[in-house]
Peer 1: 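This is the structure, below, for whatever I ask next.
Per chain, numbering begins at 1; letters A, B, ... match sequence-line order.
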Protein chains: 2
Amino acid sequence: MPTLSAQRTTLADVAAAAGVSVSTASLAFSGSGPIADRTRERVLEAARTLGYSGPNPLGRQLRRGRSGIVGVIMGDVLRRAFRDPVTIQVLDGLTARLGPLGLGVLLVPGPHDVSQPPVDPLVGTAAMDVAVQMWGGTTDDPVLETLRNRGVPIVLVEGTPQPDVAVVGIDDRGGMAEVTRHVVDLGHRRIATVTLPFDRDRVEGPADAARLSGIAWEISRRRLAGVTDAGVEPTVVWETPASLVEHGAAAGRALLQGPDRPTAVICQSDLLASGVVLAARELGLRVPEDVSVAGFDGLDLPWLAPDVLTSVSQPLAAKGAAIGDAVADLLAGRDAEERVLPVVLRVGTTTGPPPA
Amino acid sequence: MPTLSAQRTTLADVAAAAGVSVSTASLAFSGSGPIADRTRERVLEAARTLGYSGPNPLGRQLRRGRSGIVGVIMGDVLRRAFRDPVTIQVLDGLTARLGPLGLGVLLVPGPHDVSQPPVDPLVGTAAMDVAVQMWGGTTDDPVLETLRNRGVPIVLVEGTPQPDVAVVGIDDRGGMAEVTRHVVDLGHRRIATVTLPFDRDRVEGPADAARLSGIAWEISRRRLAGVTDAGVEPTVVWETPASLVEHGAAAGRALLQGPDRPTAVICQSDLLASGVVLAARELGLRVPEDVSVAGFDGLDLPWLAPDVLTSVSQPLAAKGAAIGDAVADLLAGRDAEERVLPVVLRVGTTTGPPPA
DNA sequence: GCCCCCGATCGAATCGATTCGAGCACCACG
DNA sequence: CGTGGTGCTCGAATCGATTCGATCGGGGGC
């Protein structure tokens with residue numbers, strides 16, 4: 001039963017079998033420190049015989065004071081967050097950068113819904129050398145609070161800059177201004193906008209002044225500010241509960257009815273925008289002849305083919321890598337500067353001049 | 001600087017401050033064992049004063065011999081695996097079940113491509129109490145080999161049953177047979193099928209006898225067998241490199257040309273099927289009047305709306321939960337029985353009688 | 001031929017908590 | 001007033017590896 005013995009075999013056993021001290025055996029595995037080739041061989045041979053597959057990570061971690069784990073806090077239900085290709089691709093870029101550093105990603109779920117406690121127990125108890133919060137992160141975020149108490153360094157993605165927290169983001173505001181100008185330059189004047197959620201309440205529908213003045217989530221606020229920067233006062237600001245195709249479709253159905261419907265809809269995400277496109281088609285409107293639609297993120301959306309969504313491309317893999325760099329900085333004791341990645345306007349086939 | 005002191009404060013410090021022994025202080029936190037309320041209060045008070053946020057997980061883990069971590073091995077690049085909603089939703093169900101058990105999920109990437117070493121270093125070195133392999137898992141899988149050497153118990157999802165490994169899966173074969181019979185009953189005779197990858201080579205195109213006889217990945221093999229079970233000999237078996245909309249579209253474009261094109265296409269995943277539907281529309285074919293399309297998984301595909309894909313629904317959250325149960329079994333030292341979850345045919349709007 | 005130095009190896013302390021058995025004080029009962 | 005029991009608290013061992021300083025032996029330099 002190699003399973004059982006493998007679990008119980010320790011470095012001390014191997015050392016004894018090889019006739020060396022524990023410290024020497026340790027050197028044979030870690031490679032740090034001087035050791036004669038012959039000795040190392042002998043130790044490895046003994047390990048092989050005993051079915052010892054290397055030092056127990058738990059012992060190593062305790063001694064080193066490092067777990068080699070980066071906790072990634074998904075700002076929301078896994079399911080929802082994961083249907084967001086943006087998060088996924090960033091996560092992919094992150095793991096790619098973290099792997100060579102010998103670091104692994106521990107998935108920490110956000111709260112499942114408003115009724116549940118806002119902080120997953122793992123946030124307070126799991127071993128992690130650094131935490132990455134993928135979304136949200138207002139100043140009074142209880143998750144950040146907990147992490148700070150533990151003394152875990154934090155990387156915040158697309159959140160509110162604050163002391164003692166490394167921030168990684170993109171130029172949302174500039175990108176949004178750029179795509180808005182593109183739409184304005186085409187001649188549009190009646191422009192509506194569809195936004196990401198404002199806060200944990202996740203309201204759906206047109207936002208009134210009260211809601212507009214209290215947008216908690218940085219990303220929604222910044223992207224909205226971009227529209228204003230371009231000199232546009234949206235006819236409607238439509239708030240969605242999540243960045244999903246179906247919410248975009250619902251927004252589209254609501255916005256694109258009636259005589260004074262907007263001639264262009266600018267969305268804060270590609271998923272929302274593709275929902276609007278589908279809704280427009282459903283209503284018998286041609287895109288872009290009858291209505292122009294723009295998104296944000298620059299995703300490949302195979303199901304819109306042959307159309308290409310006009311959008312603002314953000315460098316997803318690079319963003320993941322930047323997060324990884326920030327993590328490395330914090331681990332090395334450097335304090336990480338704010339990283340803001342550039343975005344670029346992608347003009348597709350879903351925007352054109354407004355109908356005459 | 002609460003950060004620094006928090007990191008360095010230990011249970012011993014708290015005990016000293018509270019005027020109790022370390023063991024008593026430990027009891028105050030763990031809650032196991034008898035302790036007077038007043039004493040506990042005193043300890044917690046001292047902890048608060050010192051900015052101690054609870055026992056260091058590393059120490060606890062070493063002592064307990066448990067890390068509280070479940071390693072989840074994504075059978076493929078994160079990016080690709082994550083674009084697969086099936087994996088995501090299962091993962092969500094899994095974390096939901098694992099949370100209450102105090103377990104966290106460590107993401108372990110599969111190899112990025114064929115040229116890279118097939119086993120991520122984390123598989124061999126990261127602390128994990130149980131490993132879950134989400135995909136693949138042939139008998140000679142080097143990942144499983146490594147895990148076995150380490151003595152880490154394994155849960156295999158949709159893989160080849162083998163000794164010492166807990167298996168969770170669904171009734172692929174039965175489900176596929178059912179949907180195939182549905183199509184046959186509608187009157188179809190010329191039926192093509194689009195499959196998931198056969199192996200790490202990820203070939204794209206029609207599969208010849210040689211390839212058909214050597215399908216390494218269990219899931220593709222079983223779903224194909226389901227078609228045969230229903231008495232259907234597919235006119236073409238089209239292999240794809242991954243379960244993605246664009247590969248389905250490519251298959252559709254190739255299959256749906258020419259005079260003796262199939263009247264129905266049965267796909268091994270919904271993503272592939274939706275690609276086929278899009279390709280059909282692109283070619284000016286009506287679905288289901290000109291061609292019927294069926295998928296597998298039972299996903300919500302908002303972009304096909306108002307169409308609903310005929311498919312075989314698998315219980316994704318329940319699958320995640322079943323994996324969690326298997327994990328719990330293994331941790332408790334029970335050996336887990338094989339879990340096979342039922343599937344159910346969902347007749348949508350994409351299948352109908354063949355053209356006259 | 002002697003001494004010094006360097007490379008290899010070893011011992012022992014340490015990381016931070018958990019846990020078991022022993023000890024102790026106090027209460028209740030006889 | 002003595003004894004048995006109960007309920008807390010404490011000491012010490014332990015989990016498995018890393019690492020620093022000390023030791024030992026052999027080869028090279030003078």
Side-chain angles (χ1 to χ4, degrees), chain A residues 5-44 46-47 50-68 102 124-129 150-151, chain B residues 5-44 46-47 50-68 102 124-129 150-151:
Chain A
S5 62
Q7 284 199 340
R8 293 261 154 253
T9 311
T10 147
L11 192 56
D13 301 331
V14 175
V20 300
S21 73
V22 188
S23 28
T24 303
S26 175
L27 292 184
F29 283 100
S30 71
S32 63
I35 185 174
D37 284 346
R38 252 193 76 252
T39 312
R40 191 207 331 278
E41 266 319 312
R42 202 142 40 90
V43 173
L44 296 182
L50 294 176
Y52 178 81
S53 56
N56 180 330
L58 263 27
R60 177 207 301 269
Q61 286 171 16
L62 174 58
R63 182 62 238 251
R64 291 237 176 109
R66 287 266 169 103
S67 61
T125 61
M128 52 181 100
D129 297 338
R150 291 184 61 187
Chain B
S5 62
Q7 283 199 341
R8 292 260 155 254
T9 311
T10 146
L11 191 56
D13 301 331
V14 175
V20 300
S21 73
V22 187
S23 28
T24 302
S26 175
L27 291 184
F29 283 99
S30 71
S32 64
I35 185 173
D37 284 346
R38 251 193 76 254
T39 313
R40 190 206 331 277
E41 267 319 311
R42 201 144 38 91
V43 173
L44 296 182
L50 294 176
Y52 178 81
S53 58
N56 180 329
L58 263 27
R60 177 207 300 271
Q61 286 171 16
L62 173 58
R63 181 63 237 250
R64 291 239 175 106
R66 287 269 168 99
S67 62
T125 61
M128 52 181 100
D129 297 338
R150 291 185 60 186

Peer 1: Please report, rounded to the nearest Å, how far the P atom of D/dA17 is from the CD atom of B/Q61.
Peer 2: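 In whole Å, D/dA17 P and B/Q61 CD are 15 Å from each other.
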Peer 1: In whole angstroms, how far is the P atom of C/dC15 from the CG atom of B/L11?
Peer 2: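 The distance from CG of B/L11 to P of C/dC15 comes to 14 Å, rounded to the nearest Å.
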Peer 1: Could you pull out the protein-nucleic contacts involving nucleotides 5-13 of chain D (nitrogen or oxygen on both sides, under 3.5 Å)?
Peer 2:
unit_1	atom_1	unit_2	atom_2	d
D/dT9	OP1	B/T39	OG1	2.1
D/dT9	OP2	B/A36	N	3.0
D/dT9	OP2	B/T39	OG1	3.3
D/dC10	OP2	B/S21	N	3.0
D/dC10	OP2	B/S21	OG	3.4
D/dC10	OP2	B/T24	OG1	2.7
D/dG11	N7	B/S23	OG	3.1
D/dG11	O6	B/S23	OG	3.2

Peer 1: As a quick check of understanding, evaluate side chain to side chain contact (heavy atoms under 4.5 Å, CB included) for A/N56 and A/T10, giving each step before the final call.
Peer 2: CA-CA 8 Å; A/N56 180 330; A/T10 147; over 6 Å; no
Peer 1: May I ask you to verify if any side-chain N or O of A/Y52 is less than 4.0 angstrom from the OP1 or OP2 atom of D/dA17?
Peer 2: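 Answer is yes, contact under 4.0 Å.
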Peer 1: Considering only heavy atoms from C-beta outward, does the side chain of A/P57 approach that of B/T125 to under 4.5 Å?
Peer 2: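 No, too far: nothing below the 4.5 Å cut-off.
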Peer 1: Under 4.0 Å between a side-chain N/O of B/T10 and OP1 or OP2 of C/dC15, yes or no?
Peer 2: no
Peer 1: Grab the CG-P distance between B/L62 and D/dG16 for me, whole Å please.
Peer 2: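 Atom-to-atom, B/L62 to D/dG16, this comes out as 7 Å.
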Peer 1: Taking atom C1' of D/dG16 as reference, at what distance in whole Å does atom CZ of A/R60 sit?
Peer 2: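 A/R60 atom CZ is separated from D/dG16 atom C1' by 11 Å.
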Peer 1: To check you understand the geometry: which heavy-atom pair defines the closest contact between A/Q61 and B/A127, and what is its length?
Peer 2: NE2-CB, 3.8 Å
Peer 1: Can you name the closest pair of heavy atoms from A/P55 and A/R60 and give their distance?
Peer 2: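 Nearest heavy atoms, A/P55 then A/R60: CG-NH2, 3.6 Å.
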Peer 1: Which pair of non-hydrogen atoms, one from B/V43 and one from B/V14, has the smallest distance, and what is that distance?
Peer 2: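 For B/V43 and B/V14, the tightest heavy-atom pair comes out as O-CG1, 3.7 Å.
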Peer 1: Provide, to the nearest angstrom, the distance between the CZ atom belonging to B/R64 and the C1' atom belonging to C/dG16.
Peer 2: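 That distance rounds to 13 Å.
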Peer 1: When the distance from CG of B/D13 to C1' of C/dC15 is rounded to whole Å, what number comes out?
Peer 2: 13 Å
Peer 1: A/N56 has a side chain; which of D/dT18, D/dA17, C/dT18 sits nearest to it?
Peer 2: D/dA17
Peer 1: Going by the rule salt bridge (Lys or Arg N to Asp or Glu O under 4.0 Å), which residues pair with A/R63 if we only count those two or more places apart in sequence or in a different chain?
Peer 2: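 Applying salt bridge (Lys or Arg N to Asp or Glu O under 4.0 Å) to A/R63 gives none.
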Peer 1: Think B/R8 has a side-chain N or O under 4.0 angstrom from the OP1 or OP2 of C/dC15?
Peer 2: no
